[in-house]
Amino acid sequence: MTGFIQSGFNLLAFVHEGIPIRPTAASSIAEGVDRLHFFLTGLTLFFTALIFSIIFYFMVKYRRRSEDERPAETQEHLALELTWTLVPTLLTVVIFVWSSSLYFRNSRPPSAAMEIFVVGKQWMWHLQHPEGPREINELHVPVDVPVKLTMTSEDVIHDFYVPAFRVKKDVVPGRYTSLWFQATKIGTYHLFCAQYCGTDHAEMIGWVYVMTPADYAAWLAGGARNETMTQAGERLFNQLGCVTCHVADGTGRGPALVGLYGKQETLRSGEIRVVDEALIRQAIVNPNSILLPNYPPVMPTFQGQINEEQVLQLIAYVKSVGPEERKTNAK
Amino acid sequence: MPGHVVPVRVYVGVFLALLALTGLTTWVAYFDLGAMNTVAALAIAVTKMLLVILFFMHVKYSSGLTRVIILAGFFWFAILVALTLSDELTRHWTPSPAPWGLLLPLIRGLF
Amino acid sequence: MSTAVTDMQPGAPPESSRVHYLNANYGIKSWLLTTDHKRIALLYLGSITLMFFVGGAFAVLMRLHLIEPQGALVEPDTYNKLFTMHGVMMIFFFLIPSIPATLGNFLVPMMIGARDLAFPRLNLLSWYVYIVGAIFTLYAAISGGLDTGWTFYTPYSSSFSHTQVVPVALGVFITGFSSILTGLNFVVTIHKMRAPGLTWFRLPLFIWAMYATSIIFILGTPVIAITIFLLGLERLLHIGIFDPAIGGDPILFQHLFWFYSHPAVYIMILPGMGVMSEVVTCFSRKKIFGYSFVAFSSMAIAVISFLVWGHHMFVTGQSIYAGLIFSVLSFLVAIPSAIKVFNWTATLYKGSISYQAPMLYAMGFIGLFTMGGLTGLFLASLATDVHLNGTYFIVAHFHYIMVGGAVMAYLGGIHFWWPKITGRMYPDGWARFAALVIFVGFNLTFFPQFMLGYLGMPRRYAVYPAEFQVLNVVSSAGASILGIGYLIPLIYFIWSMRYGPVAGPNPWGAKGLEWETPSPPPTENFDEIPVVTEEAYDYANPHTGVARG
Amino acid sequence: MADAAVHNAHPPGFAHQFEDMEQQREAGTLGMWVFLVTEIMFFGGLFACYAVYRALHLQAFELGSRLLDVRFGAANTAVLIASSLTMALAIHSAQTGKRKSVVMFYLALTMILGAAFLGIKFTFEWRHDFLEHLVPGFGFEVRPEWGAVGHHVPMFFCFYFFMTGLHALHMIIGIGILTVLTIMASRGRFNEQYYAPLEVTGLYWHFVDIVWIFLFPLLYLIGGHYAMGGGH
Ligand code: HEA
Ligand code: HEA
Ligand code: CUA
Ligand SMILES: [Cu+2]
């Protein structure tokens, strides 16, 4: 009951402050998405108003005046039919082109994006910065810097959603999905899980803190000094014995991983793949699905032995010995 | 029109053809033809299916409506497979800047 | 206010003495073993009404709970069960069978001039199958409920949920077969049993709509059946084809699920569109504007609806190429709906429009469906769906179409054919009042949800940040008005069965073979099979379009 | 009733909602075809999943396929095709007005062949698979010699058992219907005019045959047996 009264007060406060009709727009893509949204809203209001007013007008104008009134036969009208087929068709073409090009622009991360790794778990978010700091249900990012999230799940499907950034992507067990944004406004924003995932789906929420680069640097420096993801990955690389096969000079049983990241290669199956996060993950959990022509299928699977966060650390390590080193190691 | 009476001779002929094709498809599986193994197996299976549908199930002698209905069944199955694969097989393709450029690998992927 | 009894046949025998399908025989057995399509329609009517109120009760509890951000009523687990059981009941056990199994069963044979459906016993079987499925689901609801969402997404449903997945899966699986049987029966009946003279292009548009719906029943339902079956197996065996541990892809489940469940949304709306065409023409006394466009748009919807399912999966990590295809096709499927809306509106032009209750529902339908449909465009477009997916915007979108559209159409249809079904009139004043209450309550409930969704409130949230409270309270308030709105017809319909004025064969002065029989119709529908000599909706010609043999 | 005369004169098996026997027969056949389309989509869902996973896990599928015994698969194909022939002959003999014992003979033969199929399937193949620990959910064991694709092999066997199991279920239902038909035939219910139940059941039986025609190569042959060492 008190809740009810309370909400009455809230309503007053709400009307007083003006009913919010638009969520905060705090990312580089938010304005573009909102423009499309407002266009569609306009279109919806236009057609709804149009249909309703025509109906009301006809209902009044042509109301039945006597019981045995017999209106004249309906005429077919091809021109009209074509008009209301073609006009909506054209409108949808416009929306489709607009929205798809926007979407493709929005879904391509800039190449210089800062990377953060996300693991979803019933019912919390684990986030890890390459520099080492780990967070739970909180994400600190610098303003005006593109950030790319590489995400996976330990259990069921979750969904990483920051309304203020207009970004959302499912977080799926067994594979990586990714998402990027560039925050444009300093502030604190909601982070929601937007894919139903069980009991505390509604509590799998958190905050995104957008900070000035200086504050962000300070935040990174503060707190417990963890090893960086790459360091952790290197440690695992030695512990798990990867290093016994993947010797840096290429003399081991497996290929040298130095300089590998980003390269294109042809698999035994003939498929051409770029070495990216997904491929490295596949190599670790399911090596025989990416057999290479010149190597025996001896790499064991590490699925079940390490968790998703550790896989991400290994990936960070493999990436760190990537293209830069390639130049120095060139034959 | 009572149902069409198909001569026993035809039934037996179809039966023998089906047996022969079964032998053939098994035999072919013992040769390494690469991707052609799958193609051959499916082609033979489709042939066998057509024999059964046309003769045993009398579709050769039945109305257009029946044929449309059967074709609809296979067509819808094809929709299911094709659109599902359109996702499953193109997931790891990296996005390129403009959506229209994207259609190219898609078209290439189809052939 | 009083209804026009325009077409009382002179010399029709007094109501009490005439034998019709309702009084042909009595007793429970005569109902439970009936093969009369009209009685089966009533069996369905009773059962789906029950399911609607069960589903509605869940909705009421949900809305009460959401009055407070921390949740006013239940534990999160219980809330999760509430929306799941609400969705399952409403979709699989109410809206999908709603118009096809009640009005469709009742009207298809009558409208095409047949004595019954092609397979009456199959028809009865379909009702029993439905009931068995419903019992499984109700059992699950009582014995702990289900908490996966009506979408059953794996791996949550297959390996993580601790609730009654298998009984509900079984219930949905079984009920699927009742849809299949209904669809099969309709297709065969419409193909083979039309009265002489009733060519395809003389068929009432309701029949076209039922035909299109049946196509979806036939081609779509088996896929959900096998999918749910595989899910159940996986759950029982702890291993199965969606299991990531053995290389399974959880997204594949979603493909199969939506391959059916998207077309299923047109199962829910197409029959409603069919009802619209009948009601709008009758109450404006005009032939439908653009008959063939309306007819073909039903067929176009049935076909294209199978090509768009991936629009539910834009943010799942589905390939963006696939996303592009599904997006463009989703826009395409909106066009036939637009064609229909414009044709209904144009039908009113220069008509003779009366505002009886069925017409009010029809007007509500057209407006709300337009709005719901157009908000579908926000979701079909990739860039905006990224933001709106999984939020209350979706909830608002589909309630506008399904409650504002389909349920309105269903109620409109029931009001329209009630005199035919029962032989009695309901109080028209009350009916109009109820239509108004429902319209107002509906908008109050669901309009704020569009705003909530755009502001970012995710759906399926048992608790939510406090800033969303005001709009949630408005929505809950609206829901209580809506709930009352639905109770009013329940009361006056029951009242009218006994006390309503006798309706006569054709109280609305409507065209169509079903109005050529007495109300309620005799068991065999027609004493002699009519011969049709005119187009559908020939309202310009007041005489009957049936030649008597 | 004007058409009471027609009603009174109706032949055995005639249902009141139809105008005449011909309309009834056509409706029945059409109904069965529509039903078979639903069956295409029912099995189709499984086949579509099969297509996806075969593309994703080709090696595991080939490996799994080689663990099956082609001889049983091929033999069963022959048995099933034979049963389709006898089914067709049963209808043929009713159509041409043969004695009821002929119809019954063919029907019985069809059932026997169907049962033989199931016998081979269950007692030889499935039992063998069970003993080899190849049944997912019932003590499946991933063998080390399968290498790293090993943990995807259960996926193949899931498909193998779901698909053949569903197919076998259809066979069992078919045999049930055939039993009823045999009883009807023994009571002399069928003749040149009225054999629709036979015809409609025939369609169903042939359909089940077609499903197997695809299952056989997709499950038993797709791995290619050229690579097989000394057999099992
Ligand atoms: C009866 C049910 C029904 C109907 C008919 C529709 C119709 C449509 N739906 Fe909706 N939808 C649902 C029920 C329905 N939907 C449900 C239940 C869900 C959520 C499921 C869940 O996740 O739980 C959903 C979700 C849903 C999504 C997924 C969103 C997401 O999860 O991210 C999408 C995306 O494209 C979508 C789109 C559409 C479109 C484009 C139409 C179109 O068919 C609409 C066409 C109609 C019109 C366009 C209006 C009339 C036209 C005019 C007046 C003329 C002007 C027209 C133009 C300019 C084009 N719907
Ligand atoms: C046909 C389909 C249909 C219909 C008719 C409705 C009708 C209603 N729905 Fe529902 N709804 C769905 C289909 C439908 N819904 C689906 C598919 C979902 C998604 C589920 C999921 O996420 O998995 C959903 C989800 C859904 C949600 C979102 C839950 C969430 O995501 O957290 C909400 C919230 O407001 C809601 C509300 C309502 C309301 C207020 C009505 C009202 O129209 C109901 C009005 C009816 C009544 C009120 C009945 C009258 C009965 C009485 C008055 C008796 C009262 C008795 C007691 C309380 C004991 N529905
Ligand atoms: Cu995690 Cu919802
Ligand atoms: Cu959809």
Side-chain angles (χ1 to χ4, degrees), chain B residues 1-4 35 37-38 41-42 45-46 49-50 52-53 57-111, chain C residues 183-184 187-188 190-192 200 214-224 226-227 247-260 262-263 299 302-330 381-383:
Chain B
M1 176 206 85
H4 187 91
N37 276 100
T38 312
L42 285 179
V46 169
M49 173 186 79
L50 286 177
V52 174
I53 290 189
M57 297 169 95
H58 299 179
V59 170
K60 189 162 187 292
Y61 318 99
S62 63
S63 69
L65 179 61
T66 314
R67 292 172 197 215
V68 170
I69 288 176
I70 301 167
L71 284 179
F74 288 109
F75 179 70
W76 256 262
F77 171 62
I79 294 177
L80 172 60
V81 176
L83 283 179
T84 306
L85 286 176
S86 86
D87 167 29
E88 299 279 347
L89 299 185
T90 64
R91 258 187 219 161
H92 58 257
W93 294 3
T94 18
S96 71
W100 322 121
L102 279 175
L103 290 175
L104 289 176
L106 184 69
I107 292 162
R108 254 185 275 129
L110 284 178
F111 300 104
Chain C
L184 190 155
V187 165
V188 174
I190 295 171
H191 266 288
K192 293 288 174 203
W200 281 89
S214 304
I215 291 180
I216 305 180
F217 272 145
I218 288 165
L219 291 162
T221 317
V223 177
I224 189 79
I226 186 76
T227 310
D249 177 10
I251 310 288
L252 182 63
F253 173 85
Q254 300 179 20
H255 276 298
L256 292 170
F257 180 83
W258 290 115
F259 178 86
Y260 165 75
H262 179 81
M299 301 306 288
V303 174
I304 306 172
S305 69
F306 279 95
L307 305 172
V308 308
W309 79 80
H311 67 206
H312 294 271
M313 302 163 58
F314 287 152
V315 303
T316 53
Q318 173 181 249
S319 152
I320 53 180
Y321 301 85
L324 208 62
I325 300 175
F326 285 125
S327 170
V328 72
L329 291 166
S330 304
S381 89
L382 287 157

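In what follows, every heavy atom counts, from backbone to side chain, and hydrogens, waters and symmetry copies are set aside.
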Under 4.5 Å from a heavy atom of chain B, the part of L256(C) involved = side chain
Against chain C, label L65(B) side chain, backbone, both or neither, depending on which of its atoms sit under 4.5 Å from a heavy atom there.
-> side chain
With sequence neighbours left out, what residues match H58(B) under ring pair (Phe, Tyr, Trp, His ring centres under 6.0 Å)?
-> none
Residue F306(C) versus chain B: region with a heavy atom under 4.5 Å = both
Side chain to side chain, E88(B) and H255(C), heavy atoms closer than 4.5 Å = yes
Mind telling me whether W309(C) and F326(C) have parallel, tilted or perpendicular rings, with 30° and 60° as the class edges?
-> tilted
With a 4.5 angstrom heavy-atom cut-off, could you sort out which part of V303(C) is near chain B: side chain, backbone, both or neither?
-> both
Do any pairs count as a side-chain hydrogen bond (donor to acceptor under 3.5 Å, both in side chains) and have a residue in residues 65-79 of chain B, sequence neighbours left out, and if so which ones?
-> S63(B)-T66(B)
